[in-house]
Amino acid sequence: MKEEKRFIEGNIAIVEGALAAGARFYAGYPISPSSEIAEYSSQMLPKVGGLYIQMEDEISSMAALLGASVAGKKAYTATSGPGVSLMQENLGLGIMSELPAVIIDVQRSGPSTGAATKPAQGDMMQARWGAHGDHSIIALSPASVQECFDLTIRAFNFAEKYRTPVYLMADETIGHLRETVTIRKVSVSEIVNRRQPEEGTAPEDYRPYDYTGTMPAPLAAFGSEKYLSRTTGSTHDEKGEFRPTPENIHRVTHYLSDKIEKNADDICMTRSFHLEGAKTVLIAYGCSVRSALGAMECLRAQGENVGLLQLQTVWPLPEKEIRKVLSTAATVVVPELNLGQIAGEIRKLNDYGCKIVQANRVDGILISPQQIILALKEAL
Amino acid sequence: MANYKDYMLFDKLPHTWCGGCGHGIILQAIASALAQQELDKHEIALVSGIGCFGRVDDYLNINCMHVTHGRALAAATGVALANPNLHVLVTMGDGDGSTIGGNHLIHCARRNINLTAIIANNYNYGQTGGQYSATTPRGSITATSVYGHVEPGFDICKLVEAAGAPFVARSTAYNPMQIRSLIKQGMQTKGFALIEIMDTCPTHYGRLNKMGNSAQMLEAVNDMTVPVEKAASMTPKELEGKFLTGVLVNKPREDYYTRYQQIIDRLVKQA
């Protein structure tokens, strides 16, 4: 594929990113405001020998993704909050079985049916904790159509590298926003594929799980000529065999969390705008980054020393970068289309007496730069 | 000639199931169906759900994916479509396959996904203590229907036949050789094949419904059935309350993957 410039919406750029990452299987259930991802995937996948299937619900969609994944395909789905609610059952299965998959959540206003066509960022905690039991999760959030393409590729790479389901947390605004995007030629070296058993590994020595470190074991696909694989959502040993002993439950639970938290330096991606010496820093992700950029430029034009930290990775939270801001800035403003889901997480890290200000909106309308500026002025 | 033992994990025995449970009979029938077809175990994938019978993968030395309760057919849909060369087996109980998983069952049959679904139907949730499921007959006693069950049960075979399954068969745990033969026929069908095995749970269902010891329960279940060939010459009155066994539906039609592949081939040719 040659590099090309296209004027497309975020949902389409996500599909282009998925195809560039090597995704060849989609299972999903239509839901606003993500449906263009399903439609465009159904058109594009068979052209590259891939497969699209519309399942009977989001429960089965997530299950089918994991089935395709265990058989060696890169698999993805797209949904919105109500669909994520149904996917959580098999999201947990993916985490425990350590199967790569990508879930695109084009967020809308909730809870329940909410306002299906209105943007929101209310699923951040659902993404973080939406599966029973202790676990960690990787979630990226695009703030532009270009990032829809680029971060989707990263989402697949993280899913393969860490053998786990990964969220791409888009929202109605970014999903339906049209911008010029560069669909670049993605080099082979940029694409991560799950590790395979090392050459020469005897079939009887192959283990689909490894709990000794913080990286997953190689995964031979079902249908491999040499290796048999065994995956399960039950607490298991290295062979994938059921082992519910206290010491095994302990090490598996710790491993699943450590695998992500201890690799945060690799997973956490941020962008910095004028952070050097900034007295006031806006911390934002997804569509709210655009409002924050507007507020930052407006304030800087007035001579104020304001910077912005964009969280491209939301989970795990980029703790190092956030602490750096909290320890140097006097005030942090967190604009979100929810009631402060990430602001609360930032407060937990605030050992520095930094003033933390929220700018929230949950009426299905974007935060304006003026609202951010007003929130800041009122707080000072 | 391959032996059923080649497909088993003997170090996991004795199995987890109660004495007298019919699941072990079905396990052996599955392994011997694989052996009789001389299949390369790398080309077999088994997807199982949660419940007593969902544990069947613990004892099989093939590719195994153990998933959530009710979702085995949905996960198997992904496996079968991602690698059409695999022989996909799906093992479920009546709770897993026809109750919590009932929606996936009818849609998998309708889509005609190329896999072989084996449902061990023992009319109750054995693993959680014998509560009623979607196949529990009206009037019977379970841990949650001590006054007699109010609802009628599903006929799993009729359900999937109505949904479009090209191969549907039934046997009982009394007939291991028939189970083996039906699994083989199901696996040789390109498309969705369902084999229901009328099974026994002497610990819960049999005990609560006074069906005697495990051997008597096997006989009682077998007495409820009539071979489909024999039924042809029986009157409706004689067939009342009887379940037909053998191959009930054998109407091959193109499976999902074959049809989808035709679209891929057309698009690739155009490109």
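All chains are named by letter (A, B, ...) in the order of the sequence lines, taking the proteins before the strands, and each is independently numbered beginning at 1.
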Flag, side chain of B:H42 to backbone of A:K226, donor-acceptor distance under 3.5 Å
yes
Under a 4.5 Å heavy-atom cutoff, which of A:L65, A:D57, A:V48 has the most pairs with chain B?
A:D57
Counting heavy-atom pairs under 4.5 angstrom with chain A, the leader among B:V88, B:D58, B:I62 is B:I62
Looking only at A:S234, A:S61, A:A27, A:S224, the option with the highest number of non-hydrogen pairs under 4.5 Å against chain B is A:S224
Interface residue of largest heavy-atom contact number with chain B, from A:T232, A:L99, A:L45, under 4.5 Å:
A:T232
Between atom CG of B:N83 and atom NZ of A:K73, what is the distance when rounded to the nearest 0.5 Å?
7.5 Å
A:R230 side-chain N/O to B:D57 backbone N/O, donor-acceptor pair under 3.5 Å:
yes
So, the part of B:L9 with a heavy atom under 4.5 Å from chain A: the answer is side chain
For the candidates B:S48, B:C64, B:G70, B:A76, which exhibits the highest count of non-hydrogen atom pairs separated by less than 4.5 Å from chain A?
B:C64
Is it true that atom CD of B:Q270 has more than 12 heavy atoms of other residues, nucleotides or ligands lying nearer than 6.0 Å?
yes
Quick one: CG on B:N63 to CG on A:L228, what's the gap to the nearest 0.5 Å?
5.0 Å
Okay, B:N61 and chain A: the region with an atom under 4.5 Å from a heavy atom over there is both
Based on non-hydrogen pairs under 4.5 Å, which of B:L81, B:I263, B:I50, B:V268 is most in contact with chain A?
B:L81
Under 4.5 Å from any heavy atom of chain A - which part of B:L86:
side chain
In terms of heavy-atom contacts, B:A45 and A:F222 come closest through CB-CD2, 3.6 Å
Euclidean distance, B:M65 CE relative to A:S97 OG, rounded to 0.5 Å
6.0 Å
Rounded at 0.5 Å granularity, tell me how far CD in A:E241 sits from CG in B:D11.
6.5 Å
Check against side chain to side chain contact (heavy atoms under 4.5 Å, CB included), B:R71 and A:N90:
CA-CA 9 Å; B:R71 317 306 173 202; A:N90 290 318; 3.7 Å; yes
Chain A heavy atoms under 4.5 Å from B:V67: which part of the residue, side chain, backbone, both or neither?
both
For A:E56, is there an ion pair with B:R111 - N to carboxylate O distance below 4.0 angstrom?
yes
Pairs of heavy atoms under 4.5 Å with chain B: top-ranked of A:L66, A:I59, A:L51:
A:L51
Check whether more than 12 heavy atoms from other residues, nucleotides or ligands sit under 6.0 Å from atom CD of B:E38, and answer yes or no.
yes
Can you give me the closest heavy-atom contact between A:A71 and B:V79, atom names plus distance?
CB-O, 4.0 Å
Mark yes when over 12 heavy atoms from residues, nucleotides or ligands other than A:Y162 sit less than 6.0 Å from its OH; otherwise mark no.
yes
Please classify the contact between A:K47 and chain B as side chain, backbone, both or neither, with a heavy-atom cut-off of under 4.5 Å.
both
Under 4.5 Å from any heavy atom of chain A, what part of B:R55 do you find: side chain, backbone, both or neither?
side chain
Please say whether more than 12 non-hydrogen atoms of neighbouring residues, nucleotides or ligands are located less than 6.0 Å from CZ in A:R251.
yes
Could you tell me whether a side-chain N or O of B:Y260 sits under 3.5 Å from a main-chain N or O of A:Y52, the two making a donor and an acceptor?
yes
Is atom CD of A:E247 surrounded by more than 12 heavy atoms (other residues, nucleotides or ligands) closer than 6.0 Å?
no
Based on non-hydrogen pairs under 4.5 Å, which of B:H107, B:R266, B:Q261, B:E43 is most in contact with chain A?
B:H107
Are more than 12 heavy atoms from other residues, nucleotides or ligands located less than 6.0 Å from atom CZ of B:F154?
no
Which atoms of B:K12 are under 4.5 Å from chain A, going by heavy atoms: the side chain, the backbone, both sets, or neither?
side chain
Whatever's closer than 4.5 Å to a heavy atom in chain A on B:N85 counts as neither
Atom group of B:I264 that falls short of 4.5 Å from chain A, counting heavy atoms:
both
